Amino acid sequence: MTEHHPTDEPRRPDQPYPPADGLGTVPDWLRQPATPAEPDRSDRFRIWLADHSGKLLGGVAALLALVFFGLVATGGYVGVKRWADGPEAYPTISQPVGEQAVSSASPPPAAGAFDGTPAADFPEGAAGIALPAAKRTGPFTEKQVAAALAKVRKALVTARLDRTFITSKDPDRLVRQFAPDARADLRKDFASDVFATYATRLAPGARITADPPRVKGRISYRATKDAGGIRILEVTSNFVWAYAFHTTGGLPGDGVVVVHDTVVWSVPHPGDVRSGSNGLWIEKADSYGSNIDCAAYDRGLLDVGSPTYGGPEDPDPDAVFDPDRTLDIPDTC
């Protein structure tokens with residue numbers, strides 16, 4: 001697991017930013033030896049866990065090889081820590097305090113690729129991203145809350161659903177939606193595999209079907225302050241994204257790749273930061289992928305996996321479709 005340690009003192013909003021720190025590297029996969037066995041459906045679900053933490057202002061990177069590893073998303077503004085203290089998976093069963101909304105759009109009739117999986121009952125695409133009602137929260141007006149939620153929803157749609165973005169090598173379609181001061185570090189994410197915790201990019205040769213991805217989850221928000229006293233509106237998204245890939249497999253769900261992520265977004269109060277820091281940031285992100293091509297995901301890219309033989313079996317492979325499932329799960333690649 002990768003840890004990033006905080007700087008000694010937070011910076012004030014009127015101070016210049018320090019140079020962006022490197023975001024670290026990812027340890028080699030720890031793979032379990034395969035044992036001969038007949039393939040069954042549970043063998044199709046190989047989970048990759050990306051659990052990352054760190055600090056908004058960066059720090060010293062220390063790599064620890066564990067059964068799962070950490071990935072660090074970027075974001076942060078002057079006076080706000082890069083990550084929360086210590087590595088910690090977001091407990092999706094216990095929802096954060098604050099206004100929230102749960103996907104409620106009626107799903108379309110199941111069609112083809114998602115038949116036989118829980119995703120058949122999920123709404124299509126952006127219809128699955130419901131926003132909670134905007135209310136005055138702490139120092140943030142109703143209008144400011146509504147604007148922040150709209151920024152988060154737009155970023156989610158681009159990062160996980162926009163086919164132009166997920167098939168392109170240029171990340172600017174998403175990056176330019178963030179505060180100007182956040183963009184340099186975000187581009188560093190896309191130069192490595194760090195972005196995979198909050199954005200989807202297809203592997204070369206990967207082919208998704210014409211079926212829109214299916215989406216289920218929730219969004220919540222609250223007003224809080226960072227360690228330096230900067231007032232922020234913190235928005236937490238927790239979603240399961242199901243993608244249909246072309247496959248030669250014949251079992252239900254053979255071509256369905258699942259990504260479950262939790263992302264903590266933040267918007268600082270405009271009165272507390274300089275203009276370049278005013279806007280959207282990512283505080284932290286955690287995710288796992290299921291039924292993935294492990295070699296591709298090692299590089300942060302998404303493709304459907306090939307059947308595996310042997311290895312640990314998941315007694316309930318459908319559990320990966322549940323947005324209330326914890327992200328703290330073992331790596332079975």
Side-chain angles (χ1 to χ4, degrees), residues 10-15 17 20 52-58 72-84 90 95-101 126 129-160 171-187 189 195 197-199 217-239 261-286:
R11 292 180 176 270
R12 301 189 308 275
D14 60 343
Q15 289 181 308
Y17 280 88
H52 65 275
S53 63
K55 300 295 175 180
L56 279 170
L57 291 181
V72 182
T74 54
Y77 33 82
V78 66
V80 181
K81 295 191 299 181
R82 182 183 276 283
W83 297 124
Y90 178 77
Q95 297 306 317
V97 176
E99 296 293 330
Q100 60 180 289
I129 307 175
L131 290 178
K135 299 178 181 179
R136 182 179 182 87
T137 305
F140 294 89
T141 66
E142 179 180 329
K143 184 177 180 180
Q144 288 173 323
V145 171
L149 291 174
K151 289 178 187 293
V152 169
R153 189 177 191 275
K154 182 179 179 181
L156 285 168
V157 170
T158 301
R160 293 298 192 188
D172 270 9
R173 194 176 181 90
L174 174 64
V175 171
R176 64 175 177 247
Q177 297 180 32
F178 288 81
D181 290 341
R183 296 172 189 175
D185 279 346
L186 288 169
R187 291 189 179 97
D189 284 0
F195 67 87
T197 54
Y198 58 85
R218 61 179 62 83
I219 291 175
S220 62
Y221 65 88
R222 65 171 184 158
T224 185
K225 292 182 179 180
D226 83 316
I230 293 177
R231 298 168 294 175
I232 61 175
L233 187 70
E234 183 182 273
V235 181
T236 300
S237 62
N238 170 34
F239 284 96
D261 66 17
T262 294
V263 184
V264 179
W265 316 75
S266 63
V267 176
H269 195 282
D272 291 359
V273 295
R274 65 187 188 184
S275 60
S277 292
N278 189 20
L280 187 64
W281 296 80
I282 289 180
E283 299 245 12
K284 68 176 181 178
D286 303 276

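Computed from a predicted structure; not experimentally measured.
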Less than 4.5 Å apart, side chain to side chain, heavy atoms only: is that true for Pro132 and Arg218?
no

Between Val264 and Ile282, is any pair of side-chain heavy atoms under 4.5 Å apart?
no

Smallest separation among heavy atoms of Asp189 and Phe195, with atom names
O-CD2, 3.5 Å

Thr262 and Asp286: side-chain donor and acceptor closer than 3.5 Å?
no

Minimal non-hydrogen separation, Asp261 against Thr197, with atom names
CB-O, 3.6 Å

Here the pair of heavy atoms bringing Val145 nearest to Lys135 is CG2-O, 3.3 Å

Applying salt bridge (Lys or Arg N to Asp or Glu O under 4.0 Å) to Asp172 and Arg183, what does each step give before you reach the verdict?
CA-CA 9 Å; Asp172 270 9; Arg183 296 172 189 175; over 6 Å; no

Donor-acceptor pair, side chain of Arg222 and main chain of Glu234, under 3.5 angstrom:
no

Using the rule given for side-chain contact (heavy atoms from CB on, under 4.5 Å), can you reason through Asp185 versus Phe178, listing the C-alpha separation, both sets of side-chain angles and the distance that settles it, and then say yes or no?
CA-CA 11 Å; Asp185 279 346; Phe178 288 81; over 6 Å; no

Between CG of Leu233 and OG of Ser266, what distance do you get to the nearest 0.5 Å?
9.0 Å

For the pair Val267 and Tyr221, evaluate side-chain contact (heavy atoms from CB on, under 4.5 Å) and give the outcome as yes or no after the intermediate values.
CA-CA 11 Å; Val267 176; Tyr221 65 88; over 6 Å; no

May I ask you to decide if Phe140's main-chain N or O and Thr137's side chain share a donor-acceptor pair within less than 3.5 Å?
no

Correct closest heavy-atom pair for Leu280 and Ala182 would be O-CB, 4.3 Å

As a test of understanding, state which of Leu149, Thr236, Asn238, Val263 forms a side chain to side chain contact (heavy atoms under 4.5 Å, CB included) with Ile219.
Leu149

Separation between CD1 (Ile129) and CZ (Arg160), nearest 0.5 Å, reads 10.5 Å

Would Gln177 and Lys154 satisfy side-chain contact (heavy atoms from CB on, under 4.5 Å), going step by step from the backbone distance to the final call?
CA-CA 8 Å; Gln177 297 180 32; Lys154 182 179 179 181; 3.4 Å; yes

Within a strict 4.5 Å, meaning less than it, do heavy atoms of the Leu156 and Trp265 side chains meet?
yes

Only counting residues at least two apart or in another chain, list the ones meeting side chain to side chain contact (heavy atoms under 4.5 Å, CB included) with Ala150.
none

Check whether Arg153 reaches the backbone of Ala126 with its side chain - one donor and one acceptor, N or O, closer than 3.5 Å.
yes

Which pair of non-hydrogen atoms, one from Leu174 and one from Ala155, has the smallest distance, and what is that distance?
CD1-O, 3.7 Å

Which atoms form the tightest heavy-atom contact between Ile230 and Pro268, and what is the distance?
CG2-CB, 4.2 Å

Name all residues meeting the side-chain hydrogen bond (donor to acceptor under 3.5 Å, both in side chains) criterion together with Arg173; count only those two or more places apart in sequence or in a different chain, and write none if there are none.
Asp162

Ignoring hydrogens and angles, tell me if any N or O in the side chain of Arg231 forms a donor-acceptor pair with the backbone of Pro139 under 3.5 Å.
no

Hey, what do you get for CD (Gln144) to CZ (Arg136), rounding to the nearest 0.5 Å?
8.0 Å

